[in-house]
> 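Okay, handing you the structure first.
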Amino acid sequence: MRPACFALVDVDNFYVSCERVFDPSLNGRPVIVVGNNDQCCVARSSEVKAIGIKMGEPLFKLQPQIQRHGIIIRSSNYSLYGAMSARFSTILSALAPTVLEYSIDEAFLDLTSLQAHYDLSEHARGVKQTVLRWTGLPVCVGFSTSLTLAKLASRAAKKYPAARGVVDLTDPARQRRLMAITPVGDIWGVGPRIARKLRAMGIESALQLADTDPSLIRSRFSVVMERTVRDLQGEAHHRIETSPPAKGQIICSKSFGTRVTELADMLAAVTSYVVRAAEKLRSEKRVAGRLSVFLMTSRFLEHGGYSNEASSSLERPTADTRNLIVCATRLTRKLWKDGHRFTKAGVMLTDFRDPLCEQHDLFSTDARSQGRSQALMDTLDCINGSGLGRIQFARQRISEDSWGMKRERLSPNYLSRWSDIPEAK
DNA sequence: TCTGGGGTCCTAGGACCC
DNA sequence: TCTGGGGTCCTAGGACCC
């Protein structure tokens, strides 16, 4: 029996590539996509990477380079990227029996059953060409006998131009050669903390880690790292689930456009996060049993910062925005402290249940009013999803200017707003 | 002046039970 | 003064990912 085989398909500089699909004048030029509030670099074109600009760097520190190299800045346009990502994964699902959408710009394919019938390198090149032709997005493909090695292969496909975007890492000797020149911190699952600890143990390269006893790694770290070691050894330890587990939590949080110093503004912001979180929850057809709120001042304050979190179980699991707002408001008031300049807040929903399995409360509310709640929320989602406008909750509208986010260099919503669809002339 | 947003998984430790 | 042992469940926090 042949060993398992997985491919990782990864879009190059995803956000920048999306912008370029609709604005080809950006091709070949240095482009940065900045996060919400236009403050932080979240995606870089290869030209920008070559200059040495790091992921996550704040824009205000980059002004000299931006001037010198004529770097073009775009605000992040998540509805455009989401729509492009959906097309990307639709195409992939036609090209492999099992697909795991790992993130907005990456997917694993299970090619195990195709090995007997196809030349996998050729198949991988076909995947690359098809995605490019049908979406305009450039991708790299790496494949190997485990997910961690596939990840390593796709990284090599990006790094070495000679690979022309496809790397076959199924051969064990080749695996060892690549791992020998890969620093341990570049392995999927090894972050800065673990890398430091591994180096202190004398493990510098991926190959050295692969040659370490997995049970030793387990005792010093955790089962997660043990799995990583076994993956590097070529055993397929992670499998791709055909039905991915349901989400376990929903977080909505954002940095503010300007500092928030008034409780009313904070309540408005938190309310609007609850509204979005509840929409996501209903789209998953779930109800939540627990809600948390967190708020914080700048992480970069020398002293006098404040950050806190509070959570509460809901009286009854719900997806009704109104009930969630009541709970979030109570928690926000509890956390609020005058005299601070808040930079960020968020809400988190957890403890999800299936609404159909939830027992109705015998005492307070009858089944009829629960039916009404659901009908109201359905109507709300339907109107808000129609593109005709949005119904909002009263508290959201108070002074949005004071906390709403800045996106001054936003590209049009080419794929999700009729008025923004590009014209071919 | 200005430092992203949204997730996952695991572990330790506390509360509680018999 | 001395303070069991074993189990479950929950939560907070840490580490990682893109």
> Could you work out which one of C/dC18, B/dG5, C/dC16 sits closest to the side chain of A/Asp105?
C/dC18
> Short of 4.0 Å, heavy atom to strand atom, which residues of residues 199-215 of chain A count as contacting DNA chain C?
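Those residues: none at all.
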> Could you check how far CZ of A/Phe294 sits from C1' of B/dG5, rounded to whole Å?
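Answer to the nearest Å: 9 Å.
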> In terms of the nearest nucleotide of DNA chain B, which residue is placed more toward the 5' end: A/Thr343 or A/Ile251?
A/Thr343
> Which atom pair, heavy atoms only, marks the closest approach of A/Val167 to A/Ala156?
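That would be CG2-C, 4.1 Å.
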> Under 4.0 Å between a Lys/Arg side-chain N and an Asp/Glu carboxylate O for A/Glu47 and A/Arg20?
yes
> Write down the distance between NZ (A/Lys344) and C1' (B/dG4), rounded to a whole number of angstrom.
7 Å
> Report all side-chain donor-acceptor pairs from residues 284-296 of chain A shorter than 3.5 Å, counting only partners two or more places apart or in another chain.
from, atom 1, to, atom 2, distance (Å)
A/Arg290, NH1, A/Ser313, OG, 2.6
A/Arg290, NH2, A/Ser311, OG, 2.9

> Any side-chain donor-acceptor pair under 3.5 Å between A/Thr343 and A/Arg299?
no
> Indicate whether any N or O donor in one side chain lies under 3.5 Å from an N or O acceptor in the other, for A/Ser45 and A/Asn13.
no
> Measure from CG on A/Leu8 to P on C/dC18 and round the result to the nearest Å.
9 Å
> Has A/Asp105 got a side-chain atom pairing as donor or acceptor with A/Phe14's backbone, closer than 3.5 angstrom?
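Here the side-chain-to-backbone pair does not exist.
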> Between atom CE in A/Met296 and atom P in B/dT3, what is the gap in whole Å?
12 Å
> To the side chain of A/Gln249, which of B/dT8, B/dC2, B/dG7 is closest?
B/dT8
> Quick one: are the ring centres of A/Tyr81 and A/Tyr15 less than 6.0 Å apart?
yes
> Does A/Ser253 make a side-chain N or O approach to OP1 or OP2 of B/dG6 shorter than 4.0 Å?
yes
> Expressed as a whole number of angstroms, how long is the span from A/Met84:CE to C/dC18:P?
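The answer, rounded to whole Å, is 21 Å.
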> Expected output is a numbered-order residue list: members of residues 57-78 of chain A with a heavy atom under 4.0 Å from any atom of DNA chain C. What is it?
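Hits under 4.0 Å, by residue number: none.
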> Could you give the CE-to-P distance, from A/Met225 to C/dC17, as a whole number of Å?
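Atom CE in A/Met225 sits about 10 Å away from atom P in C/dC17.
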> Identify each atom pair where a protein N or O and an N or O of nucleotides 10-15 of chain B are less than 3.5 Å apart, giving names and distance.
from, atom 1, to, atom 2, distance (Å)
B/dC10, OP1, A/Arg227, NH2, 2.7

> Report yes if a side-chain nitrogen or oxygen of A/Lys280 is closer than 4.0 Å to either non-bridging phosphate oxygen (OP1 or OP2) of B/dG7; otherwise report no.
yes
> Find the runs of at least 3 consecutive base pairs, i with j, i+1 with j-1 and so on, that include DNA chain B, using Watson-Crick or G-U wobble geometry with both distances under 3.5 Å.
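The stems that DNA chain B takes part in, listed by first number, are B:5-18 with C:5-18.
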> Please give, in whole Å, the distance from B/dC2 C1' to A/Arg299 CZ?
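Checked: the CZ to C1' distance equals 13 Å.
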> Report the distance from atom CD of A/Glu106 to atom P of B/dT8, rounded to the nearest whole Å.
16 Å
> Report the residue from A/Leu149, A/Val166, A/Val9 that forms a side chain to side chain contact (heavy atoms under 4.5 Å, CB included) with A/Phe143.
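That would be A/Val166.
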> Considering only NZ, NE, NH1 and NH2 on the basic side and carboxylate oxygens on the acidic side, decide whether A/Arg29 and A/Asp23 come within less than 4.0 Å.
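Salt bridge between A/Arg29 and A/Asp23, a charged N being under 4.0 Å from a carboxylate O: no.
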> Phosphate oxygens OP1/OP2 of B/dG5: is one of them under 4.0 Å from a side-chain N or O of A/Ser255?
yes
> Tell me whether the ring of A/Phe300 lies stacked over the B/dT3 base, given a 5.5 Å limit on centroids and a 30° limit on the plane angle.
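Taking the rule of under 5.5 Å and under 30°, the ring of A/Phe300 does stack on B/dT3.
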> Tell me whether the rings of A/Tyr414 and A/Phe22 are parallel (<30°), tilted (30 to 60°) or perpendicular (>60°).
parallel
> Taking C/dG4 as the reference, what is the distance to B/dG14 when you measure between their P atoms (whole Å, please)?
16 Å
> With a cut-off of 3.5 Å and sequence neighbours excluded, list every side-chain donor-acceptor pair involving residues 326-335 of chain A.
from, atom 1, to, atom 2, distance (Å)
A/Thr329, OG1, A/Ile325, O, 2.7
A/Thr329, OG1, A/Arg395, NH1, 3.1
A/Arg330, NH2, A/Ser312, OG, 3.3
A/Thr332, OG1, A/Ala328, O, 2.6

> Taking atom types as modelled and ignoring hydrogens, do the side chains of A/Asp110 and A/Thr112 form a donor-acceptor contact shorter than 3.5 angstrom?
yes
> Donor-acceptor pair, distance only, cut-off 3.5 Å: does the side chain of A/His123 make one with the backbone of A/Leu95?
yes
> Measuring from the side chain of A/Gln39 (C-beta onward, heavy atoms only), which nucleotide among C/dC18, B/dG5, B/dC2 has the closest atom?
B/dC2
> Does the plane of the ring in A/Phe342 sit parallel, tilted or perpendicular to the ring in A/Tyr306? Use 30° and 60° as the thresholds.
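Rings of A/Phe342 and A/Tyr306: perpendicular, as their planes differ by over 60°.
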> Please confirm whether the backbone N or O of A/Val34 pairs with a side-chain atom of A/Ser76, one donor and one acceptor, at under 3.5 Å?
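It does hold such a pair.
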